[in-house]
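To start, the structure under review is shown below, and the notes come after it.
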Amino acid sequence: MKNRLRQNLQSLQDAYASLCGLTIIITDQADQRITEPSGLTKMAALLFGSPCASAEHAIANLLKKVRTISKTIVYETRSGLKMLITSIRLSKQRPYYILTGVWVDGCTKDLITAKIHETVPPGEWADWIQALDKVPVLDQEGVARIITQLDMLADTVQALLEREQGGEYSAYDLQLLNLIYLLDPASPEWLQGILGIVVRVLGVEFAGYASNAEDGDQFTVVETTGLPKNNSLQGASFFYGEGFLGQVGLSKQMGYWRNADRDLRISFFAAHGVRPKVLICYPIKYKDKLYGLLYAGDPARPELTEEQADMGMLVAHQLAASMYHMESEALYDRQRKRHDTYKEIVQGILVTQDKEDYLQLFIEFFQQQLGSPFMCLLLHTPEEAGLRIYSSSSAPGELYTVYAEDAEQIYFSDGIPGFNLLNKPIRREWKSWQLVEHPMVFEQRLLGLFTVQFSDEGQRREYETIFHMTNVLLVTKLLAQQPQDTPSGTDFMRLLQDNLLMQQPVVHSRAADIRRLAQDLLGPLNHSAEEIEWIGQAALLAPYHIGLLRKYLGDIPAVCILCHMQFYLSDSAGEEDVGESSHLYLAKVLLVLTKYTEQGGRQWKETLPIPVPEPLMRSFEQLIAPPPVAAQQEGGERFTTREKDILDGLLTGLNNKQIAEKLFISTHTVKNHITKIYEKLGVHSRSQAISQMYQATGKKDSL
């Protein structure tokens, strides 16, 4: 067995042992162990019931019993302890086996303890119980997870052994690098495992990782391996541009130094008793974002080979990609949680009638989400004298009383011209508290303040939009209970449309396209602009519950149209619908346009739940009919880069002004490009252009 292969297999074993939390042995059928696990003797003693058992003898006997297995199995002894065994079959060598350390079911641990008391002399009870307490307790899900990991390990070990047969020694490290993909980033030992791989593939003594805080000016070493604890560099910091590592942080390019121990820039390492002769450092960056620095060195080796440096770069790339994906997943989870938070608080506010209840619900809900040490709502309404204070039930009331007196003098006293016009969060320090005050404003009148201390700037950015939107909803709810100030249906409709734009921009964009299609379809059929507007409103209101719309908007035409369309989509679609004939017709128009945009121009007619009047269907098919194939091909081949950018804007529902702002060009230039796009597509309107792209791509989510 080659020493290089043994080292790589030892690294694999160590990494997987860290990953699954169990001792791992890689051995052959004759018990020629090629890896050396810790705690092997005690494991054998526990497993086979004899404190004097020879580990080698016990494992050799065990492998004789399982020599015919060809998959991962659970081996359980009469002692109630279990272990996993995986076999690796090779064509030119005897079988190899991977064995894990023991574990126990939670329901049998008490029985094993009782068995120890029955069979072991009292003087040895403490040693046996202490050993048993160190044995992991696993459930079925945990065992299944470890089996999956062992199967991956077996595949990697088999590849290494087969390459050893063929003399492909250079492939060992590449196989070792693949382990990075299998390590669990959620594990606290994740970075330690990666650094262990770096040490192996570079053949150096130590490695470490230095992280830079977001918007920070220095790096801090958060993980190291291969160095004694008293000079491990753990927790040490350095600035951008400082020393070897700081220069890499500044340039974001790999750094490599020979004879580093003679260079004065070694002070960062020398201060901690480390003097590497060779040092290499990789920036961990992904899509121009720098996450940290990966470094490695050796006090004895004079240099690294080019192949080793390249292998380290592969580790750096994989580490950067993993960090990017972890950050993306965390961001997605936070966005999803914020979205769920908003939906939950909106639902609570809408269904709760009593003002005191829904205001307290508002406070308690956000307090639960943020855990802020300072959070309160100050309400100043015409029917009440002074400020009403709403705070968490666990908060000290005296503190908020003092704050309310201060806020009343600043914000609600007479003679403060123009201050009530502010409709943006205000940052203010009060008694050493760094507070953010969110005004609740309606028609230049300040109704209250929602005040929070955030834990950091990131938390503030994440929840700022939710606070703004919830404040608007809260103001609407408050005014709805005051007859003299009740907002109009138009105001409430605008609120719902703005909410849709912020929370579901794709749905909002699709609704905007439905309105444009309705205008191109109904305009030539002599329908009024008012009816076209009704369809546009109905498309924007469609995502909301019809009961909520009828409660706050009443039976306006847009709501009636939606009611009829939902009737068509329901199980009662075959029955006769009753209502104004114009609303029934417009509901069918909305249904056609909705199905068309949802299906992306493909097979949308087959999904219609009701028959549609032939004249309407014929007019719509003429509207969306693509131009001749030659015109499509000519246009598709001749789009410039700028025209493609503008076409993307059209497909995402942006108007000319928004496209101009996004591309930093004038609206006049946008109009000129759109005219050229129409010519190349052979169309005459925005709706026809969008329709053609629907049919060309078939991507219903592109709008």
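Values in this document were obtained by computation on a predicted structure and should not be read as measured data. This chain uses plain numbering: 1 for the first residue, then up along the sequence.
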>> Contact between P373 and W433 at the side-chain level, heavy atoms closer than 4.5 Å - yes or no?
In response: yes

> What's the spacing between L319 CG and L191 CG if we round to 0.5 Å?
Replying inline: 6.5 Å

>> If you define the side chain from C-beta out and look only at heavy atoms, does anything of L195 sit under 4.5 Å from V199?
In response: no

> Taking only residues two or more places apart in sequence, or in another chain, which ones meet Q234 in a side chain to side chain contact (heavy atoms under 4.5 Å, CB included)?
Replying inline: E223, T224, S232

> Of all residues at least two apart in sequence or in a different chain, which pass the side-chain hydrogen bond (donor to acceptor under 3.5 Å, both in side chains) check with Q434?
Replying inline: E429

> Between L290 and P283, which heavy-atom pair has the shortest distance, and what is it?
Replying inline: CD1-CB, 3.9 Å

>> If you compare all heavy atoms of L293 against all heavy atoms of L245, which two are closest, and at what distance to 0.1 Å?
In response: CD1-O, 3.2 Å

>> Using the salt bridge (charged side-chain N to carboxylate O under 4.0 Å, His left out) criterion, which residues pair with K277? Sequence neighbours excluded.
In response: D261

> Taking atom OG of S267 and atom NE2 of H272, what is their separation to the nearest 0.5 Å?
Replying inline: 10.5 Å

>> What I'd like to find out is whether the side chain of F206 reaches to under 4.5 Å of the side chain of V274, using heavy atoms alone.
In response: yes

> Are the side chains of I88 and Y97 in touch, meaning some heavy atoms are under 4.5 Å apart?
Replying inline: no

> Around atom NZ of K285, are there more than 12 heavy atoms of other residues, nucleotides or ligands at under 6.0 Å?
Replying inline: yes

> Taking only residues two or more places apart in sequence, or in another chain, which ones meet E437 in a side-chain hydrogen bond (donor to acceptor under 3.5 Å, both in side chains)?
Replying inline: Y403, Y411, R428

>> What verdict does the side chain to side chain donor-acceptor pair (under 3.5 Å) test give for S237 and T220, after you've listed the backbone C-alpha separation in whole Å, the side-chain angles of each residue and the deciding distance to 0.1 Å?
In response: CA-CA 4 Å; S237 299; T220 302; 3.0 Å; yes

>> Which residues pass the salt bridge (charged side-chain N to carboxylate O under 4.0 Å, His left out) test with D139, not counting sequence neighbours?
In response: none

> Roughly how far, to the nearest 0.5 Å, is the CE atom of M311 from the CD1 atom of I197?
Replying inline: 10.5 Å

> What are the two closest heavy atoms between A296 and V204, and how far apart are they?
Replying inline: CB-CG2, 3.9 Å

> Sequence neighbours excluded, which residues qualify as salt bridge (charged side-chain N to carboxylate O under 4.0 Å, His left out) partners of D298?
Replying inline: none

> Can you check whether I284 reaches Y209 side chain to side chain, under 4.5 Å on heavy atoms?
Replying inline: yes

> So, the side chain of T100 versus the backbone of L84: is there a donor-acceptor pair under 3.5 Å, distance only?
Replying inline: yes

>> Checking M375 against T451 for the side chain to side chain contact (heavy atoms under 4.5 Å, CB included) test, could you report, in this order, the C-alpha distance in whole Å, the side-chain angles of both residues, the deciding distance, and whether it holds?
In response: CA-CA 6 Å; M375 178 185 296; T451 304; over 6 Å; no

> Which residues satisfy the side-chain hydrogen bond (donor to acceptor under 3.5 Å, both in side chains) test with H438, sequence neighbours excluded?
Replying inline: E464

> Does Y295 reach the side chain of F269, with side-chain heavy atoms less than 4.5 Å apart?
Replying inline: yes

>> Are the side chains of I426 and V436 in contact, using a 4.5 Å heavy-atom criterion?
In response: no

> Does the side chain to side chain contact (heavy atoms under 4.5 Å, CB included) test come out yes or no for F244 and I266, once each step is laid out?
Replying inline: CA-CA 7 Å; F244 295 125; I266 200 175; 4.0 Å; yes

>> Restricting to non-hydrogen atoms, name the atom on V222 and the atom on S211 that form the minimum distance, rounded to 0.1 Å.
In response: CG1-CB, 4.1 Å

> Can you find a heavy atom in the side chain of L294 that is under 4.5 Å from one in the side chain of V198?
Replying inline: yes

>> Rounded at 0.5 Å granularity, tell me how far CD in Q453 sits from CZ in F374.
In response: 8.5 Å

> To the nearest 0.5 Å, what is the distance between OG (S87) and CD1 (I73)?
Replying inline: 8.5 Å

> Who passes ring-ring contact (aromatic ring centres under 6.0 Å, His included) against F219, sequence neighbours left out?
Replying inline: F238, Y240

>> Checking R301 now: which residues fulfil salt bridge (charged side-chain N to carboxylate O under 4.0 Å, His left out) with it, not counting sequence neighbours?
In response: none

>> Can you pull out every ring-ring contact (aromatic ring centres under 6.0 Å, His included) where at least one residue sits in residues 273-292? Sequence neighbours excluded, please.
In response: Y286-Y324

> How far apart are the closest heavy atoms of L202 and A309, and which atoms are they?
Replying inline: CD2-N, 4.3 Å

>> Counting neighbours of CZ on R258 that are heavy atoms of other residues, nucleotides or ligands and sit closer than 6.0 Å, is the number greater than 12?
In response: no

> Just how far is it from atom CD of Q140 to atom CD1 of I147, taken to the nearest 0.5 Å?
Replying inline: 8.5 Å

> Of the non-hydrogen atoms in P276 and A260, which two are nearest, and what is the gap between them?
Replying inline: O-CB, 3.4 Å

> Under the side chain to side chain contact (heavy atoms under 4.5 Å, CB included) criterion, do C281 and M254 qualify, and how do the steps go?
Replying inline: CA-CA 6 Å; C281 181; M254 184 192 80; over 6 Å; no

> Where do V452 and F366 land on the side chain to side chain contact (heavy atoms under 4.5 Å, CB included) test, with the steps shown first?
Replying inline: CA-CA 10 Å; V452 186; F366 278 115; over 6 Å; no

> Do the side chain of T113 and the main chain of K109 share a donor and acceptor less than 3.5 angstrom apart?
Replying inline: yes

> Do any pairs count as a salt bridge (Lys or Arg N to Asp or Glu O under 4.0 Å) and have a residue in residues 235-253, sequence neighbours left out, and if so which ones?
Replying inline: none

>> So does T305 get a backbone contact from the side chain of Q308, meaning a donor-acceptor N/O pair under 3.5 Å?
In response: yes

> Between the main-chain N or O of T72 and the side-chain N or O of T86, is there a donor-acceptor pair closer than 3.5 Å?
Replying inline: no

>> Side chains of Q192 and T225: any donor to acceptor distance under 3.5 Å?
In response: yes

> Partners of S455 by side-chain hydrogen bond (donor to acceptor under 3.5 Å, both in side chains), sequence neighbours excluded?
Replying inline: Q459

